[in-house]
Amino acid sequence: MSLERELIKRSGGKCELSGATENLKVYQILPTRKGGIDESILINETLLSQIENPETMDANLWRCLNDSMWSEYLPVQVVSWRMLSRLKNQELLEQMYLDEDDLAWAQATGEGEDDENKLVHRDSNGVILQTGDSVVLIKDLKVKGSSMIAKQGTAVRNIRLDHENETYIEGKVDGQQIVIITAYVKKI
């Protein structure tokens, strides 16, 4: 059974946040741990667009979080927590409970952190990088601990951010997971 069909079955064919029945999309919650239905939700396209473009946030569309935060499904709870954090709704956040591992997953994107404490990963041109972005190497890079050289122009897809150092990202080059310094990449 496809992921989309599993999510439609789980949600009854409705957005798992708002209950909308039209323009539904599968949203995989990053960073992924195992993938699949336990890390995905079915979501209305309008809400998804606001998740991916925070500057377009319309708080009125997110009133649905009052209900979705109580979902029995962890991925729905995680997205609800992230959006409540983005909206700075402390009253509802204080009512939510996520165990330690699940809270760490919810916080993995930096939602809920003060802007001064939030790490911002930028490419060589100063463009902000997000988990899941694609970048291209702007110079040949010798990979420490191997004889491999990552060539200039190599595309690195689905990057992950280092949550302790804003100058490091991770990605696969020629099937090998490597750490890359952000000064040597350009977002595609």
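For this chain, numbers begin at 1 and follow the sequence in order. Computed over heavy atoms, backbone and side chain alike; hydrogens, waters and symmetry mates excluded.
- A donor-acceptor contact shorter than 3.5 Å is absent between the side chain of Glu39 and the backbone of Ile29.
- No continuous path of hydrophobic side-chain contacts links Val136 to Leu141 [ILVMFWY only; heavy atoms under 4.5 Å].
- Contact of the Met83 side chain with the Met57 side chain is registered, since non-hydrogen atoms from C-beta on lie closer than 4.5 Å.
- Looking at Thr182 and Arg122, their side chains never come closer than 4.5 Å, going by heavy atoms from C-beta outward.
- Using a 4.5 Å cut-off on side-chain heavy atoms (C-beta onward), Val185 and Leu137 make contact.
- Across all their heavy atoms, Cys15 and Leu47 have their closest contact at SG-CD1, 4.0 Å.
- Residue Lys187 qualifies as enclosed at atom NZ: its count of foreign heavy atoms under 6.0 Å is above 12.
- Leu3 contributes atom CG, which lies 8.5 Å from atom CZ of Arg10 (distance to the nearest 0.5 angstrom).
- Judged purely by atom type and a 3.5 angstrom limit, Asn44 uses its side chain to pair as donor or acceptor with the backbone of Glu22.
- Rounded to the nearest 0.5 angstrom, Asp102 CG and Leu74 CG are separated by 4.0 Å.
- Defined by atom type and a distance below 3.5 Å, a donor-acceptor pair is present between the side-chain atoms of Asn60 and Arg63.
- Taking every heavy atom of both residues into account, Ile128 and Val120 meet most closely at CG1-CG1, 3.9 Å.
- Looking at Trp105, its side chain never comes within 3.5 Å of a backbone N or O of Asp101 through a donor-acceptor pair.
- In terms of hydrophobic clustering, with Ile, Leu, Val, Met, Phe, Trp and Tyr side chains grouped at heavy-atom distances under 4.5 Å, Ile181 and Ile149 are assigned to different clusters.
- Looking only at side-chain heavy atoms (C-beta outward), Gln176 and Ile178 come within less than 4.5 Å of each other.
- A donor-acceptor distance shorter than 3.5 angstrom exists from the side chain of Ser85 to the backbone of Trp81, with no hydrogens or angles considered.
- Judged purely by atom type and a 3.5 angstrom limit, Arg157 has no side-chain atom pairing as donor or acceptor with the backbone of Ser134.
- For the residue pair Gly132 and Leu30, the shortest heavy atom distance occurs at CA-CD1, 4.1 Å.
- One N or O on the side chain of Lys142 and one on the backbone of Ser146 form a donor-acceptor pair closer than 3.5 Å.
- No more than 12 heavy-atom neighbours from other residues, nucleotides or ligands sit within 6.0 angstrom of CD on Glu100.
- Using a 4.5 Å cut-off on side-chain heavy atoms (C-beta onward), Ile37 and Tyr73 make no contact.
- Remark: Gln152 CD to Asp140 CG distance equals 6.0 Å, nearest 0.5 Å.
- Between Gly35 and Gln28, the shortest heavy-atom contact is CA-NE2, 3.4 Å.
- In this structure a side-chain-to-backbone donor-acceptor pair under 3.5 Å is present from Asn89 to Leu92.
- Within 6.0 Å of atom NZ in Lys144, 12 or fewer heavy atoms from other residues, nucleotides or ligands are found, so the atom counts as exposed in its surroundings.
- At least one side-chain heavy atom of Val156 sits under 4.5 Å from a side-chain heavy atom of Ile180.
- With hydrophobic clusters built from ILVMFWY side chains whose heavy atoms lie under 4.5 angstrom apart, Leu24 does not share a cluster with Trp62.
- Looking at Met148 and Val173, their side chains come closer than 4.5 Å, going by heavy atoms from C-beta outward.
- The backbone N or O of Ser71 sits less than 3.5 Å from a side-chain atom of Gln77, completing a donor-acceptor pair.
- Distance OG1/Thr131 to CD1/Ile159: 7.0 Å, rounded to 0.5 Å.
- Using a 4.5 Å cut-off on side-chain heavy atoms (C-beta onward), Ile41 and Leu17 make contact.
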